[in-house]
Amino acid sequence: MGAKALFFFALLSFSAVSLRPAVADNGEDPGLVMNFYRETCPQAEDVIREQVKLLYKRHKNTAFSWLRNIFHDCAVQSCDASLLLDSTRRTLSEKETDRSFGLRNFRYIETIKEAVERECPGVVSCADILVLSARDGIVSLGGPYIPLKTGRRDGRKSRADVVEQFLPDHNESISVVLDRFAAMGVDTPGVVALLGAHSVGRTHCVKLVHRLYPEVDPALNPDHVPHMLKKCPDSIPDPKAVQYVRNDRGTPMVLDNNYYRNILDNKGLLIVDHQLANEKRTKPYVKKMAKSQDYFFKEFSRAITILSENNPLTGTKGEIRKQCNVANKHHGHDEEP
């Protein structure tokens, strides 16, 4: 065997070894499992948790971003970090679609990725970083700790062209919202719990003004309207202006069941919030969550788990991106499944 052939054989053997973490000893794809990186990068989850904590200390709103990311990525066909890909000459980024309005802090996902890469280069996917940062962000916001499986791999293409088919809009009917989530396996109490994420963060005036101008929506609690008008003084707000209303004025930085009490009091900012509290299929769960934070957390944890396991790429599908905002360069072929 010539030197070149030997070298090529060695290269093939090395490639097989480098793929091994994604494939079980019997050659089968193990799918998602708890602590997937326990042998290949045992510190991975600790590094991500530490980075999320450090970032939260410096920039409180990062935790809201991590929570939104899991919805915006995992609800669109696959939990594969396609959300994080930048636009290219040929494809639009999901980040730049209308549904992604207000999403930010993507550069800090790169901060987390760089810290993980220093520990174990080329091992941990951006899809797992996105999911685990959401899990740890929920804890930063006072929410429950949710044990989540890992082993996702990264997609190679943006799904911007189908975002609107999968992600419900805040103005859609509650029936559409329930149907979209049911397709992912999330039932009605799960949907009610997921919308409890509106307990934290803020809503830009762009999303609210149709309830204030030209006339105030009579469904809004009149005591809440002056505050909304003060925060959103323009009927056509500048999307780039920092004009917003906090989702929950009482505990804006805490993921809690205050949201449900607010929407039962007609203080929900978005149409979907109002519908949730008044539609016969969802109202009983809203009332139950308004009474019991434990029940809210139980259903929220269950729904986040289902969302995080939506159609992931595992085994040898997809890739492990070197940088979360760009697919790896492959010479001569793109093998997105």
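The structure displayed is predicted, hence computed values, not measured ones. The residues of the chain are indexed from 1 along the displayed sequence.
In this model, a donor atom of one side chain and an acceptor atom of the other lie less than 3.5 Å apart for Asp256 and Ser199. For the residue pair Thr305/Ser308, the side-chain donor-acceptor check at 3.5 Å is not satisfied. Side-chain atoms of Asp136 and Ser133 form no donor-acceptor pair, as typed in the model, at a separation below 3.5 Å. With hydrogens and angles left out, the side-chain atoms of Asp29 and Thr314 include a donor and acceptor closer than 3.5 Å. For the residue pair Glu96/Ser87, the side-chain donor-acceptor check at 3.5 Å is satisfied. For the 3.5 Å distance criterion, the side chains of Arg281 and Ser175 qualify, holding a donor opposite an acceptor. In this model, a donor atom of one side chain and an acceptor atom of the other lie less than 3.5 Å apart for Gln243 and Asp234. No side-chain N or O of Ser173 forms a donor-acceptor pair with one of Gln275 less than 3.5 Å apart. Side chain to side chain, Asn266 and His224 fail the donor-acceptor criterion of an N or O pair below 3.5 Å.
Geometrically, Lys60 engages Tyr56 in a cation-pi contact defined by less than 6.0 Å to the ring centre and at most 45° from the axis.
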Criterion side-chain contact (heavy atoms from CB on, under 4.5 Å) on Leu195 and Tyr259, from CA distance to verdict | CA-CA 9 Å; Leu195 281 164; Tyr259 165 75; 4.0 Å; yes
Run the numbers on Glu299 and Lys288 for salt bridge (Lys or Arg N to Asp or Glu O under 4.0 Å), then give the verdict.
-> CA-CA 11 Å; Glu299 291 298 332; Lys288 199 169 172 183; over 6 Å; no
Show the numbers, then the answer: is there a side-chain contact (heavy atoms from CB on, under 4.5 Å) between Ile138 and Trp66?
-> CA-CA 8 Å; Ile138 288 165; Trp66 311 152; over 6 Å; no
Applying side-chain contact (heavy atoms from CB on, under 4.5 Å), run through Arg211 and Leu270 and close with a yes or a no.
-> CA-CA 8 Å; Arg211 299 196 73 191; Leu270 299 170; 5.7 Å; no
Could you walk me through whether Cys79 and Asn311 pass the side-chain contact (heavy atoms from CB on, under 4.5 Å) check?
-> CA-CA 6 Å; Cys79 224; Asn311 194 28; over 6 Å; no
Full working for salt bridge (Lys or Arg N to Asp or Glu O under 4.0 Å) between Lys95 and Asp86 = CA-CA 7 Å; Lys95 294 182 275 193; Asp86 288 342; 2.6 Å; yes
Walk me through it: do Asp294 and Ser292 pass the test side chain to side chain donor-acceptor pair (under 3.5 Å)?
-> CA-CA 5 Å; Asp294 286 345; Ser292 168; 5.3 Å; no
Step-by-step side chain to side chain donor-acceptor pair (under 3.5 Å) determination, Thr91 to Thr88 | CA-CA 5 Å; Thr91 58; Thr88 65; 2.9 Å; yes
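Transitive grouping of hydrophobic side chains (ILVMFWY, heavy atoms separated by less than 4.5 Å) keeps Leu85 and Ile129 in distinct clusters. Under a hydrophobic-cluster definition in which Ile, Leu, Val, Met, Phe, Trp and Tyr are linked whenever side-chain heavy atoms come within less than 4.5 Å, directly or via other members, Leu32 and Val131 are assigned to different clusters.
Residues meeting the salt bridge (Lys or Arg N to Asp or Glu O under 4.0 Å) test with Asp223, sequence neighbours left out: none. Residues satisfying the side-chain contact (heavy atoms from CB on, under 4.5 Å) criterion with Ala81, sequence neighbours excluded, are Leu84, Cys126, Ala127, Asp154, Arg321.
Put simply, the side chain of Val209 does not reach to within 4.5 Å of the side chain of Ile236, judged on heavy atoms. The shortest distance between side-chain heavy atoms of Ser82 and Lys157 does not fall below 4.5 Å. Side chains of Gln51 and Ile48 form no contact here, defined as non-hydrogen atoms less than 4.5 Å apart. Two residues are said to be in side-chain contact when any heavy atoms from C-beta on lie closer than 4.5 Å; Met184 and Asn310 meet this criterion. Leu220 is listed as a side-chain neighbour of Leu212, based on a closest heavy-atom distance under 4.5 Å. Residues His72 and Leu167 are in side-chain contact: their nearest non-hydrogen atoms beyond the backbone lie under 4.5 Å apart. Pro312 places none of its side-chain heavy atoms less than 4.5 Å from the side chain of Lys149. Contact check for Val272 versus His198: side-chain heavy atoms found under the 4.5 Å cut-off.
Atoms CZ and CE, from Phe296 and Met289 in turn, are 7.5 Å apart once rounded to the nearest 0.5 Å. Taken to the nearest 0.5 Å, the CG atom of Asn328 stands 9.0 Å off from the CD1 atom of Ile320. With values rounded to the nearest 0.5 angstrom, Asp128 atom CG is found 3.5 Å from Ser125 atom OG. Put simply, CZ on Arg49 and CD on Gln43 are 10.5 Å apart, with the number rounded to the nearest 0.5 Å. How far CD1 of Ile271 is from NZ of Lys207: 12.5 Å, rounded to the nearest 0.5 Å. Between atom CD of residue Glu119 and atom CG of residue Asp46 there is a gap of 9.0 Å, rounded to the nearest 0.5 Å.
Ring-plane geometry between His59 and Tyr108 is classed as parallel, the angle between the planes falling under 30 degrees on a 0 to 90 degree scale with a further cut at 60.
For the pair Arg68 and Asp73, the salt-bridge criterion is not met [side-chain N within less than 4.0 Å of a carboxylate O]. A salt bridge links Arg156 with Glu319: at least one charged nitrogen is closer than 4.0 Å to a carboxylate oxygen. Between Lys113 and Glu117 there is a salt bridge, since a side-chain N of the basic residue sits under 4.0 Å from a carboxylate O of the acidic one. Taking 4.0 Å as the cut-off between side-chain N and carboxylate O, Arg135 and Glu45 count as a salt-bridged pair.
The stretch residues 128-151 participates, sequence neighbours left out, in no ring-ring contact (aromatic ring centres under 6.0 Å, His included) pair at all.
Judged by distance alone, with hydrogens and angles left aside, the side-chain atoms of Asn262 form no donor-acceptor pair with the main-chain N or O of Gly268 at under 3.5 Å.
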